[in-house]
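What follows is a short report on a single structure.
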Protein chains: 2
Amino acid sequence: MKRSKPKAVCCSPLLAGRLTSDETAHLAAIFRALGEPARLQMLSLIAAQPEQEVCACELVEPLGLSQPTVSHHLKVMYEAGLLARERRGTWIYYRILPEKLAMLREALS
Amino acid sequence: MKRSKPKAVCCSPLLAGRLTSDETAHLAAIFRALGEPARLQMLSLIAAQPEQEVCACELVEPLGLSQPTVSHHLKVMYEAGLLARERRGTWIYYRILPEKLAMLREALS
DNA sequence: CTTACATATTGACATGTATCAATATCGTTG
DNA sequence: CAACGATATTGATACATGTCAATATGTAAG
């Protein structure tokens with residue numbers, strides 16, 4: 001039972017020629033995760049923290065969204081590879097993965 | 001009758017602190033335009049042309065989509081400011097606006 | 001084990017959108 | 001003006017998704 005592929009797709013620069021179907025699917029999924037104002041708010045809010053991370057509970061009030069909705073958005077970004085999560089006791093902390101943003105900048109060149 | 005605003009929103013780096021509501025709405029609209037495999041295919045296809053542009057008709061066959069669907073995707077990217085359009089006779093040529101991509105790279109920093 | 005709190009999941013609903021066939025619009029050419 | 005080809009718009013349909021209330025799960029503390 002082999003894994004389908006080591007998931008090395010992604011990131012040829014968009015302007016450097018035609019992308020494969022895998023590349024466009026992968027890139028589009030990430031851009032779609034960024035295509036929501038609430039999620040961009042979350043990212044900028046995380047980046048604004050001195051520790052560069054927030055626990056999920058700290059996002060509910062400033063965003064004015066319900067806890068399930070916040071949880072949903074965090075999941076979307078986590079699955080897109082934009083966020084890392086770490087459990088510390090009862091709380092779960094999220095932080096931005098700067099490598100992923102760098103990868104996107106690369107793809108947009 | 002004043003215009004609502006000169007549309008100077010956008011582009012503070014995402015990681016530099018909290019974004020305004022206008023900024024996230026504007027940025028999200030652009031990312032949403034990129035969040036579709038077919039549209040990324042179009043961009044890479046345009047970039048692959050020696051002239052850095054295509055007429056709309058040239059996209060239908062390689063993408064395997066209907067003409068109305070291609071027209072729809074082009075409109076989405078045009079309205080997001082990613083593409084420029086120029087009519088030459090019967091044909092309409094689209095090209096990528098590299099400034100917009102540069103702006104996005106900036107926003108992702 | 002039970003209570004309390006943080007987070008995730010489920011279900012329901014409304015809205016958005018990708019797609020195509022059919023049709024309309026627009027330029028060019030006769 | 002009429003005919004033709006390229007592009008855009010409309011209408012219909014299927015599917016995706018943002019949102020919340022209700023509920024489940026998970027962890028720490030008594």
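To find a chain, count down the sequence lines: A is the first, B the second, and so on, and within it residues start at 1. What you see below is based on every heavy atom in this structure, not just the backbone, and it leaves out hydrogens, waters and symmetry mates. As the structure is a computational prediction, the values presented were derived from the model and not from experiment.
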Report the distance from atom [atom1] of [X] to atom [atom2] of [N], rounded to the nearest whole Å.
| X | N | atom1 | atom2 | value |
| --- | --- | --- | --- | --- |
| A:Arg87 | D:dT25 | CZ | P | 14 Å |
| A:Leu63 | D:dC20 | CG | C1' | 15 Å |
| A:Met42 | D:dG18 | CE | C1' | 11 Å |
| B:Phe31 | C:dT17 | CZ | C1' | 20 Å |
| A:Glu86 | D:dG26 | CD | P | 19 Å |
| A:Leu34 | D:dG18 | CG | C1' | 16 Å |
| A:Glu61 | C:dC5 | CD | C1' | 18 Å |
| B:Gln41 | C:dA18 | CD | P | 15 Å |

(message) In the structure I gave you, are the side-chain heavy atoms of A:Leu15 and A:Leu108 within less than 4.5 Å of one another anywhere?
(response) no
(request) For residues A:Ser12 and A:Glu106, determine if any side-chain heavy atom of one lies less than 4.5 Å from a side-chain heavy atom of the other. (result) no
(request) Spell out yes or no: do the side chain of B:Gln67 and the base of D:dA8 have one donor N/O and one acceptor N/O closer than 3.5 Å? (result) yes
(message) Using a heavy-atom cut-off of 4.0 Å across all strands, would you classify A:His73 as base, sugar-phosphate, or nothing?
(response) sugar-phosphate
(request) Answer with base, sugar-phosphate or nothing: what part of the nucleic acid does B:Arg32 contact at a heavy-atom distance below 4.0 Å? (result) sugar-phosphate
(request) Return the 5'-most residue of the pair A:Ile92, B:Glu36 with respect to DNA chain C, ranking by each residue's nearest nucleotide. (result) A:Ile92
What's the closest nucleotide to the [X] side chain, out of [options]?
| X | options | answer |
| --- | --- | --- |
| B:Ser71 | C:dC20, D:dA8, C:dT7 | D:dA8 |
| B:Tyr94 | C:dA18, C:dA8, D:dA8 | D:dA8 |
| A:Pro68 | D:dA6, C:dA21, D:dA22 | D:dA22 |
| A:Leu65 | D:dC20, C:dT19, C:dG27 | D:dC20 |
| B:Lys75 | D:dT7, C:dT7, D:dT9 | D:dT9 |

(request) Considering non-hydrogen atoms only, spot the tightest contact between B:Ser44 and A:Leu19 and give its length. (result) OG-N, 3.3 Å
(message) Hydrophobic cluster membership, with links at side-chain heavy-atom distances under 4.5 Å among I/L/V/M/F/W/Y: are A:Leu59 and A:Val76 in one?
(response) no
Would you say [X] places a side-chain N or O within less than 4.0 Å of OP1 or OP2 belonging to [N]?
| X | N | value |
| --- | --- | --- |
| A:Arg85 | C:dA8 | yes |
| A:Thr69 | D:dC20 | yes |
| B:Arg39 | C:dA18 | yes |
| A:Thr90 | C:dA6 | no |

(message) With a 4.0 Å cut-off on N to O distance, would you call B:Arg88 and B:Glu53 a salt bridge?
(response) yes
(request) Please say whether the positively charged group of B:Arg85, taken as NZ for Lys or CZ for Arg, lies over the ring of B:Tyr78, i.e. under 6.0 angstrom from the six-membered ring centre and within 45 degrees of the axis. (result) yes
